[in-house]
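Here's the structure we're looking at; comments come further down.
Basis for what follows: all heavy atoms, side chains included, without hydrogens, waters or symmetry-related copies.
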Amino acid sequence: MLSECMEKNLATKIKIKNEDVYELLQKIPPGNVSTYGDLARVLGNPSASRLIGKILGENPNPIRVPCHRVVMSNGKLGGYRYGANKKKELLEKEGLSFINGVVSDFKKIRIYPEQRQS
DNA sequence: GCCATGGCTAGTA
DNA sequence: GCCATGGCTAGTA
């Protein structure tokens with residue numbers, strides 16, 4: 001009998017690890033943004049958006065990992081370890097602008113990063 | 001095991 | 001509500 005355990009494993013969602021997120025982040029070029037939810041989806045766990053935010057907050061190297069390029073699904077800024085202000089500055093430096101706290105042309109600059117093969 | 005903790009979100013009201 | 005982690009508590013052995 002094919003154990004329930006095995007079936008369970010097959011149905012199990014992928015666990016997201018910090019490094020997966022950081023790696024993916026590096027695919028977002030300056031001038032573009034992605035969202036917490038999109039990253040969660042790309043990494044195979046669509047409902048883990050909140051976890052993504054938590055992981056970004058633990059980002060050890062904001063230089064290597066541009067976590068400021070991740071915003072909320074509604075186009076609002078979202079949080080930032082060093083203050084939302086700082087996040088906004090960084091994004092503006094990359095050419096973005098905001099209206100009522102929402103990224104201008106959100107739909108145009110939003111990208112859906114693809115995960116690396118293998 | 002249980003519970004709180006987070007840079008959130010889809011879907012009602 | 002949801003996900004993974006870390007800290008702590010009952011409650012076994």
Side-chain angles (χ1 to χ4, degrees):
Chain A
M1 125 184 102
L2 202 55
S3 71
E4 296 176 358
C5 177
M6 184 167 184
E7 287 187 312
K8 216 177 255 179
N9 282 335
L10 289 175
T12 287
K13 290 175 189 167
I14 299 175
K15 281 197 179 182
I16 297 177
K17 303 189 71 178
N18 287 34
E19 201 48 45
D20 298 336
V21 179
Y22 301 149
E23 205 169 292
L24 201 49
L25 242 327
Q26 302 181 59
K27 303 201 161 184
I28 307 175
N32 285 95
V33 295
S34 189
T35 72
Y36 301 97
D38 285 347
L39 296 185
R41 272 183 282 272
V42 173
L43 293 178
N45 201 335
S47 52
S49 55
R50 197 158 186 185
L51 175 62
I52 298 291
K54 186 182 181 181
I55 291 176
L56 292 185
E58 296 165 355
N59 175 11
N61 186 347
I63 309 257
R64 174 176 85 98
V65 181
C67 54
H68 62 279
R69 297 187 192 133
V70 182
V71 300
M72 300 203 286
S73 64
N74 58 11
K76 290 194 177 175
L77 209 45
Y80 192 61
R81 186 67 188 289
Y82 308 96
N85 247 24
K86 186 66 180 174
K87 184 173 185 175
K88 191 178 173 197
E89 276 179 29
L90 291 172
L91 289 175
E92 286 174 336
K93 205 171 297 184
E94 297 181 354
L96 306 210
S97 58
F98 299 83
I99 298 176
N100 298 330
V102 175
V103 183
S104 307
D105 295 316
F106 181 44
K107 289 181 181 171
K108 291 184 181 175
I109 62 174
R110 176 179 185 174
I111 65 170
Y112 193 79
E114 293 299 330
Q115 193 169 198
R116 174 177 54 129
Q117 298 290 330
S118 98

task: Check the distance between C/dA4's C1' and A/Ile52's CD1 and give it to me in whole angstrom.
output: 11 Å

field: Interatomic distance where CG belongs to A/Leu51 and C1' belongs to C/dT5 [whole Å]
entry: 9 Å

query: Any N or O donor-acceptor pair linking the side chain of A/Tyr80 to the base of B/dG7 at under 3.5 Å?
result: no

- prompt: NA contact type, A/Lys17, heavy-atom cut-off 4.0 Å: base, sugar-phosphate, or nothing?
  reply: nothing

- request: Side-chain contact test, heavy atoms from C-beta onward, threshold under 4.5 Å: evaluate it for A/Asn32 versus A/Arg69 and give yes or no.
  value: no

- request: Could you tell me whether the phosphate oxygens of B/dA10, OP1 or OP2, come under 4.0 Å of any side-chain nitrogen or oxygen in A/Arg41?
  value: yes

message: Suppose you measure atom P in B/dT5 against the same atom in C/dT9; what distance do you get, rounded to whole Å?
response: 15 Å

message: Any strand counts, and the cut-off is 3.5 Å on both contacts for Watson-Crick or G-U wobble. Which nucleotide pairs with B/dG6?
response: C/dC3

field: Heavy-atom closest contact (A/Tyr36 atom, A/Ser49 atom, distance)
entry: CB-O, 3.8 Å

- prompt: Looking only at side-chain N and O atoms, does A/Ser47 come under 4.0 Å of OP1 or OP2 in C/dG1?
  reply: no

message: How many whole angstroms separate atom CZ of A/Arg81 from atom C1' of B/dT5?
response: 14 Å

- request: Rounded off to whole Å, could you give me the CE-to-C1' distance for the A/Met72 and C/dC2 pair?
  value: 17 Å

message: Between C/dG1 and A/Arg50, counting only base atoms on the nucleotide and side-chain atoms on the residue, is there a donor-acceptor pair under 3.5 Å?
response: yes

query: To the nearest Å, how far apart are A/Glu58 CD and C/dC3 C1'?
result: 12 Å

- prompt: Looking at the side chain of A/Val70, which of B/dG7, C/dT5, B/dA10 is the nearest nucleotide?
  reply: B/dG7

query: For atom C1', what is the distance between B/dG7 and C/dG7, given to the nearest Å?
result: 22 Å

query: Can you tell me how far P of C/dA4 sits from CD1 of A/Ile14, to the nearest Å?
result: 11 Å

A/Asn18 side chain near C/dT5 phosphate (N/O to OP1/OP2, under 4.0 Å): no

A/Leu25 CG - B/dG7 C1' separation (whole Å): 12 Å

Watson-Crick or G-U wobble mate for B/dG11, both contacts under 3.5 Å: none

message: Can you confirm whether more than 12 heavy atoms, excluding those of A/Arg81, are under 6.0 Å from its CZ atom?
response: no

message: Using the rule that Ile, Leu, Val, Met, Phe, Trp and Tyr join whenever any side-chain heavy atoms are under 4.5 Å apart, tell me whether A/Leu56 and A/Val71 fall into a single cluster.
response: no

field: Path from A/Leu24 to A/Val33 over hydrophobic side-chain contacts below 4.5 Å
entry: no

field: Nucleotide C/dA4, atom P - distance to NZ of A/Lys15 in whole Å
entry: 6 Å

message: When you compare the side chains of A/Ser104 and A/Ser97, does any donor N or O come within less than 3.5 Å of an acceptor on the partner?
response: yes

message: Taking any heavy-atom pair under 4.0 Å as a contact, classify A/Gly78: base, sugar-phosphate, or nothing.
response: nothing

field: Nearest listed nucleotide, side chain of A/Asn45, among B/dT5, C/dC3, B/dC8
entry: C/dC3

